Amino acid sequence: MKKPLRLFPEAMKNLTKKAATSKYPFEKAKTYPGFRARIVFESEKCIGCKMCMRVCPAGAIEIVLSAEQPAPQTAADGSQIPQKKKFDCIMNLDRCIYCAQCVDICPKKALASSPDFELAQFDRKKLKLHYT
Amino acid sequence: MSKMQIPLGPQHPALKEPENFMLVLDGEQIVDATVNLGYNHRGIEKAAENRNYIQDIYLIERVCGICSHSHVSCYIGAVEEIAKVEVPAIAKALRTIVAELERIHSHLLWLGVAAFELGYDTLFMYTWRDREQVLDCLELLSGNRVHYGMNTIGGVRRDITKEQVDEISKKIKYLKERTSYYVNVVTEEPTFLARTQNVGKLPKDVALELNAVGPTARASGVDIDVRRDEPYFIYDQLDWKVITYHTCDVFGRAVVRVLETIESYKMIEQILKAIPEGPISVKVPWKIPAGEAVFRYEAPRGEDIHYVKSNGTEYPERVKVRAPTLSNFQSLPYCLKQGYLADAVITIAAIDPCMSCTDRAVVYDINKGERKTFDQEELRKYSIEFYKKKGISFK
Amino acid sequence: MDAIIPLLYIAVFPGFIFLGVYALLMQWVDRKLSAVMQNRVGPPIYQPLADFIKLISKEVVIPENADVILFKSLPYVAMASIITSIFMIPIWDGKALVSFEGDIMVVMYLLIIPTVTFFLAGWSSTSPYSTIGSMRVMTQLFGYEVPLFMSFAGCAILAGSWSISGIAAYFSANPWFILLNLPGFIAALLAAEGKLERVPFDTPHAKNELVGGQFTEYSGRLLAIFLLSIDMEMIVLAAFISAVFLGGLGSFTGLAGFILFIIKTFFVCFILILFKALMARVRVDQMLKFSWKWLVPVSALQILIDILLKVNI
């Protein structure tokens, strides 16, 4: 059955409706919980196993020893207790594909996804984040 | 008027990805057509050999933007077959949900693109507006709109919660209503019918001969669907039917796609009612035992085949991707011939081409004007010599 | 002083500036309304002007094989013929600026000139896309021109006058006859859609098939003039249709007449926008088939009705 101007009723209804477009830069875009965007790093939890470097498909993560290591604490009996080594994470956001496989593989949950997705920069160097 | 040769692409408003179709025109009529691949080759298969199995998941996912879950599921299916992993029931159910959501999203996208190629912008905007709901579902479930990253070897990466089930069921209900409306639009709007009926004819015997797959084949009355013929995931436990249509033209392909979307809603509703319990994945060692496997998967565009060969290390020896579009391209020159130039774009769009998944490298000698194909050994020799010239030597 | 007034007519009102501003505004209405119907936001009101200024400031590239003089002069010819035709359509009061028996024919012919320039534009740029585009322009011309002429002729026969102002005056004196001319009105609107090369009849420059159609090789200032003259043509054609079918301005003069002119042209344009938004593009052979199978018989029927009415009055 042919009906000319089949979309006419729908189009007329839309004349009074608000546009479905989201006004993104002017309004905040909504993301659902669990959205995978910029990876955040907690140095205290990292044990330097470098599993994340091994699974990263894009080679975006680099775990390095921090320049400043915590000084060994002196115990009550005077002996030196070695502290956990401190690690830094260098995230190359220009290479990261936001798959969050590093978050999954991390045994100590030192890496986590954040919903922060507005990461565009004019300068590529600014995309190299150094978490300490 | 003499015959005229017109290049459709690689840069053309109707093509979303670079690919070249050489049309020989007699007035408005197309007398000959050739498909030229090779503008978008990315060497993914080679790159996959240099990454381990986990890294390859995300590489293979990026073979295609629209059917990212299809390619990954197909690759993972092959790897799991080699490693002899039994995937938990809940992981299979979740993979099926994402696969069917992806099919809905792909088919609604296709309807929009087809409407756009016909200058029917209003339908285009409506379908793409409603597609947002599917993308929202996918984001809710997996954490991203396009590259879901839902799969991992041995299961899935995320569980589904009660709230997510409710939210998705609500959206599916809305989409179901909208899609039945689009079925009416597609089958009743006279201008749409005028442009799609008896266009791009592909009779059943030709479709079989030229190896058409997916909705293109099903619209020609070929009753094939991997989901039924060789069930994977949990398709054998669901109540659904394979949609076929008999008109063998673009209109049939549109109808098949829209009706398939409705079948997908039915499947998702069934799965959401009874999601199995248990752990979402099993552990799989880094090193996959030596072996090879082929996995067949019904992607939204048709049958997708992945071949994986492992050699006992954590890197695959060979990954081979046969995207559905490559198979459907064979039938395209037949569909284009004897048609009108005005119908060329909708005929090309009707197979839902995904150029980047399908693209193959072609060596073309400009001076001699001839093409050359390599087999694997020749290519290996050529690449070693190529790098030797640059001063990098291989032992 | 006497020499300045005609110049003002041409340059300001109802000539270039008025027509240009109204055309750009109507382009905005077109885009905005289609957007709202498609549940989108649509462009801001200054967008058409911004597009026009941007195009004007761009470089003009002329193909090597093209006839330079022809290629450069065509946009201006198209625009001039459109501006000329607005003088014979009543805008300010019941009688147009230039009005004589037979001016309806003059306007019809003046409005063919842009189509011919589109054809020549495509033909002279010698690229395959524009050649096919210009062939389609000509093919389509045979489709819509006859029903457009015939439906206008029906009104002229009924009114017993071959001047636009005369027809408008007759219909505003006998408003009920407007309803009897409804089939012709619809046929004329669909034919106008073909003349303006809008969806569903925009095959000559269907961007998905022919990139830019006959304008593929045009760029910069020349393209801007062409696009503006298509927008102007829409206004002129809407004014023409509203004057012939909808009774023109009647006894209103001055500002009231002008407001009525705006309302009526807007109404006609609204229907044109509706057609554009709600239909898919048809093939050029289907377009010809449609116009000879439906539009021509309908407009012929319209002439028959008008003759019968004329005899019985």
Side-chain angles (χ1 to χ4, degrees), chain B residues 1-9 11-16 22-30 112-130 132 185-186 189-199 250 254 339-349, chain C residues 30-31 33-42 123 126-140 190 193 197-213 215-216 273-291 293-294:
Chain B
M1 205 177 142
S2 63
K3 282 182 184 140
M4 187 194 267
Q5 199 176 38
I6 264 208
L8 200 79
Q11 261 96 50
H12 193 277
L15 300 172
K16 273 68 196 170
M22 267 296 174
L23 308 176
V24 179
L25 291 183
D26 186 5
E28 282 272 326
Q29 207 138 49
I30 300 169
V113 169
F116 171 71
E117 307 290 20
L118 297 177
Y120 198 10
D121 281 3
T122 311
L123 181 63
F124 162 49
M125 293 294 167
Y126 287 166
T127 46
W128 279 41
R129 179 193 67 193
D130 294 331
E132 284 298 305
V185 172
V186 165
E189 167 65 35
T191 47
F192 190 88
L193 290 177
R195 283 305 301 280
T196 52
Q197 277 177 331
N198 294 318
V199 168
V250 175
Y340 291 97
L341 170 66
D343 291 331
V345 278
I346 184 67
T347 313
I348 293 167
Chain C
D30 179 7
R31 287 164 71 173
L33 260 180
S34 329
V36 171
M37 278 181 217
Q38 292 163 1
N39 216 342
R40 290 187 288 126
V41 177
W123 200 256
T126 65
S127 97
Y129 286 126
S130 46
T131 309
I132 293 180
S134 57
M135 286 197 306
R136 286 186 181 180
V137 171
M138 271 297 144
T139 321
Q140 204 164 279
L190 278 166
E193 205 74 288
E197 292 176 6
R198 290 154 61 82
V199 179
F201 304 135
D202 71 335
T203 38
H205 57 90
K207 63 176 177 294
N208 315 71
E209 295 155 21
L210 292 180
V211 192
F215 304 133
T216 308
I273 293 165
L274 260 186
F275 281 154
K276 179 193 138 191
L278 300 178
M279 280 191 224
R281 175 190 311 127
V282 295
R283 249 183 354 235
V284 71
D285 60 315
Q286 287 167 341
M287 189 267 168
L288 283 182
K289 213 169 163 187
F290 172 76
S291 64
K293 203 171 164 188
W294 294 101

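Throughout, protein chains are lettered first and strands after them, A, B, ... in sequence-line order, and every chain is numbered starting at 1. What you are looking at is a predicted structure, and each value in this text was computed from that prediction instead of being measured.
- For C:V211, the parts sitting under 4.5 Å from any heavy atom of chain B are the backbone and the side chain alike.
- From B:I6, atom CD1 reaches atom CG of C:L210 across 6.5 Å, with rounding to the nearest 0.5 Å.
- At a 4.5 Å heavy-atom cutoff, B:A344 makes no contact with chain C through either its backbone or its side chain.
- Only the side chain of C:D285 comes within less than 4.5 Å of a heavy atom of chain B; its backbone N, CA, C and O stay farther away.
- Between B:D121 atom CG and C:M37 atom CE the span is 12.5 Å, to the nearest 0.5 Å.
- Put simply, the side chain of B:T191 never gets that close to the backbone of C:M279: no donor and acceptor are under 3.5 Å apart.
- For B:V199, the part sitting under 4.5 Å from any heavy atom of chain C is the side chain, from C-beta outward, and nothing else.
- Ranked by heavy-atom pairs under 4.5 Å with chain C, the list B:D343, B:L341, B:L25, B:L123 is led by B:D343.
- Per-residue counts of heavy-atom pairs under 4.5 Å with chain B were compared for C:K276, C:R40, C:R136; the largest is that of C:R136.
- With a 4.5 Å cut-off on side-chain heavy atoms, B:E28 and C:M135 do not count as touching.
- With a 4.5 Å cut-off on non-hydrogen atoms, B:L15 does not touch chain C at all.
- With chain C as the partner, the residue from B:Y340, B:F192, B:F124 showing the most heavy-atom pairs under 4.5 Å is B:Y340.
- Contact annotation for B:L118: both backbone and side-chain heavy atoms come within less than 4.5 Å of a heavy atom of chain C.
- Highest contact tally toward chain B, considering only C:V282, C:V284, C:T139, C:V199, is held by C:V282 [criterion: heavy-atom pairs under 4.5 Å].
- B:H12 NE2 to C:K207 NZ: the interatomic distance, rounded to the nearest 0.5 Å, is 11.5 Å.
- For a residue to count as touching a neighbouring chain, one of its non-hydrogen atoms must lie under 4.5 Å from one of that chain's; by this rule C:R283 touches chain B with backbone and side chain alike.
- Interatomic distance, C:Q38 CD to B:R129 CZ, rounded to the nearest 0.5 Å: 10.5 Å.
- Residues B:V345 and C:E209 come closest through the heavy atom pair CG2-CG, 3.8 Å.
- Proximity to chain C (any heavy atom under 4.5 Å) is shown, for B:E117, by both the backbone and the side chain.
- Heavy atoms closer than 4.5 Å to chain B are found in both the backbone and the side chain of C:A277.
- Counted within 6.0 Å of NZ on B:K16, heavy atoms from surrounding residues, nucleotides or ligands total more than 12; the atom is thus considered enclosed.
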